[in-house]
Amino acid sequence: MSTCFDDPDPEAPKAVSMLPEPYVVVSRNQETADTFTIALRPADGGVMRSFAPGQFNMLYAFGTGESAISISGSPEDGGVLVHTIRRVGAVTSALDRLAPGSVVGLRGPFGSPWPMQQVRGRDLVFVAGGIGLAPLRPAILQVFSHRADYGRIVILAGARSPADVIFHDELHSWMQEPDTEVQLTVDRADADWHHHVGVVTTLIPRARFDPANAVAMVCGPEIMMRFTAVEMARIGLPEARIFVTLERNMKCAVGLCGHCQFGPEFICRDGPVFRHDRIRHWFSHREV
Amino acid sequence: MSTTLEPILRKHPFFAEMEDATIQLISGCAKNVRYRAGKLVAKQGTPADEFFLIREGRLAMEMPSPLGGTQRLQTADDGDVVGWSWLVPPYHWHFDLRAVSEVRAFSIDGRCLRNKCENDPRFGYEMMKRFSTLMADRLEATRLQLMDLYCGPALPTIP
Amino acid sequence: MTTEPPVLLLREHFDTLLEALARRGYKVVGPTVSEGTIVYDEVSRAEDLPVGWTDEQEGGRYRLKRRDDAALFGYAVGAQSWKQYLHPPRLRLVKADRDASGRMSFSDGDDAEPERYAFLGVRSCELHAMTIQDRVFLGSGVADTHYERRRKRVFSIGVSCGVAGGTCFCVSMGTGPQVTDRTPHDLALTEVIEEERHYFILTAGSDEGREVLAGLPVTPAGETEVSAAKQRVDQTAATMGRRMNAEGVRELLLENLEHPRWDDVAQRCLTCANCTLVCPTCFCTTVEDVADLTGDHAERWRRWDSCFTLDFTWMHGGSARQSGKSRYRQWLTHKLSTWHDQFGSSGCVGCGRCITWCPVGIDLTQEIAAFRDHPITPSPSQP
């Protein structure tokens, strides 16, 4: 079996217009103190756009602006587009204030997806830091709805504290899935926390999967992804089988505004999902 | 006791690539322990006369919080080594150690091992190498935790 | 493209060209003198051009001065480039409306019919810059429709340069000074001033260009006149103000991302963004959202942005490129190195604007020479 993969699946849907389309907030769920999930469906009978796991949309809060938000729902749920958002700036704060029934603008989907087709039959290791679990969730949901297509599933999720764990109940339900290992860790906890305490990378050597066959999909801050690649290399999982998703300031989402450049890559168009060895060179320099 | 423990001791990762003579020296100071979930295994400031090789279960390193109660700062699981205070003066525990789940472990007598280290510098150096690695790993993990990894894109703040 | 024999247009008939373009419905824009510099503006007759002017350009220095003749194109490029017409500095992208029930609708904010411009006096480096921006906006997947609509209406009249500016290095970049068929254009001209005569050698580069030429009082150009024109352009090529060895620059910069020279240039760079604004290929933009007082009408505007600003890479938590050093490095490596990966060519056409208009005279040809003279990692293993 080949140990090398092509770049992310090329057949992912692509949006082209700079014009947003109106979407209605169908439901809203508070995940943590600063993170919430909204489900959207097209307003006025518009057509629902399909997407591939790992892709993102540009969500527009009226008069405030757009923000790049990864899609966190199942690609097979044709009814809604789900986004999990951390409140960090003006646009995400405006989105946070939207009650069900409110309308947002949406452009998308954009970007490269996780390589779901190419990794069939493999052990899959998902490594998530904080809200990094959100862009991984569509991939995880797709795996569980086609469980037989994949090998062992390992989900390693880190958060700042127990109160910052997103998708908490779902993580626990995934623990019950066959041939699946879910390990949670936080940076600090109280005595009620029975999972790990420590950085998420310390979970890698403990997890049970076959490094000779596994593929890792990693999402979190850049530094976490760097350390993850180091740990993976230590246990024998080569970086050509590590996929990461990057985040940068994005304005246009179609590779025209120049903001999200990372070396030669436009993260919005060539990424956000990259094979690690393709971008490692640029990871090793600061302030790229 | 050492003669009966040695074969199962060898299965613990701590003893990987360790010379037989060294393993024998350590197994002479080892005993089997078992703690129920919630048990305070070691208390900060008390003499650190042992360290643990976890066979099964989860131990947590905790510190009293300035706001009251304790903060759980790191956990260790099957195959991990816990405790370096026995090797570093004044040989007091630097944290509370609590069993998160039921824990089966080897307890290694630190005083016994310190004597052997004093008498056999080669053995002492071997212990120092292994425990300095452990301390470096813990320090590295602590640094990463201090960086508050998950709360942002971890951008450089000092260009 | 068929190569027809060049024709000759006398200076006294030059206005017929402008009139022909106006008749075809073009608004002719070209170089004019304004406030001590050459800027592009509407021209309706030859006298609107910088007649008898030339320029002195050096790092951080630009001055107009008088020529001892009445040349129409006897200077190099000014601060502006044609990108301001094709890729406007400010553009309304989207209009958004919200009604009382909360329904939202969006419409194209760039809804006015773009002007049909005839660009008069486009230098070869600028034609190359337009070709490069064509690849950026039209050649890499998603097309920028705003650019496309403007670009396809343009009638361009190239000018082969009769004088090299002090900061010009198009010869090094293979982008001039002769206008050639490598870059699309409708007409190309070379100005010749002799003791007795002042004329232009013209060629058509498109069918529409041929149509225009056919309506002008031109005569077939003789061998002497064609060679006089060529000799002037050759002279320009031989007197470039700057030179840059562009061979392997892509790799040179990739291999020297940690070179101490970046610290050196960062000591001088003010991160003022002038170089990106005057560059004819820099294309980065940002967006601004505005709403009116009722809160029911909002607009999204696009405006030029620069990788030299701290905001450019801002995300929650800070900017990815905090130091001036990292921002200069981004600009130069993008322009000369990663541009090749993205768009299949250099992003630099050697026009020299970034040198002239840098307030502290930072000169990329010198920076490249510094990397070349003292590379730190001569390893061949690069992505």
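Reckoned from all heavy atoms, side chains included, excluding hydrogens, waters and symmetry mates. Computed from a prediction, not measured in an experiment: that's the story for all the values here.
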Heavy-atom donor-acceptor pair, [X] side chain to [Y] backbone, under 3.5 Å:
X      : Y      : answer
C:K83  : C:C279 : yes
A:R107 : A:C252 : yes
C:W357 : C:L277 : no
C:R329 : C:L257 : yes
C:R353 : C:Q80  : yes

Heavy-atom pair count under 4.5 Å with chain A, highest-scoring of [options]:
options                        : answer
C:D292, C:T145, C:D305         : C:D305
C:C284, C:C282, C:G102         : C:C284
C:H297, C:E288, C:R321         : C:R321
C:D108, C:V290, C:V136, C:T286 : C:T286
C:Q330, C:R300, C:K325, C:H340 : C:R300

Is [X] in contact with chain C via its backbone, its side chain, both, or neither, using a 4.5 Å heavy-atom distance?
X      : value
A:E21  : backbone
A:Y23  : neither
A:V288 : both

> With chain C, which of A:G263, A:P264, A:S102 has the greatest number of heavy-atom pairs at distances under 4.5 Å?
Replying inline: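 The residue among A:G263, A:P264, A:S102 with the greatest pair count is A:P264.
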
> Looking at A:H285, A:H259, A:E66, A:K251, which one has more heavy-atom pairs under 4.5 Å with chain C than the rest?
Replying inline: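 Option with the greatest count: A:H259.
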
Flag the pair [X] / [Y] as yes when their ring centroid distance falls below 6.0 Å, and as no otherwise.
X      : Y      : value
A:F283 : A:F262 : yes
C:F312 : C:W331 : no
A:W282 : A:F274 : no

Which answer fits [X], side chain, backbone, both or neither, if we ask what part of it has an atom under 4.5 Å from a heavy atom of chain A?
X      : result
C:T333 : neither
C:D311 : backbone
C:S105 : neither
C:D110 : neither

> Parallel under 30°, tilted from 30 to 60°, perpendicular over 60°: which one fits the rings of C:F137 and C:Y147?
Replying inline: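 Rings of C:F137 and C:Y147: tilted, as their planes differ by 30° to 60°.
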
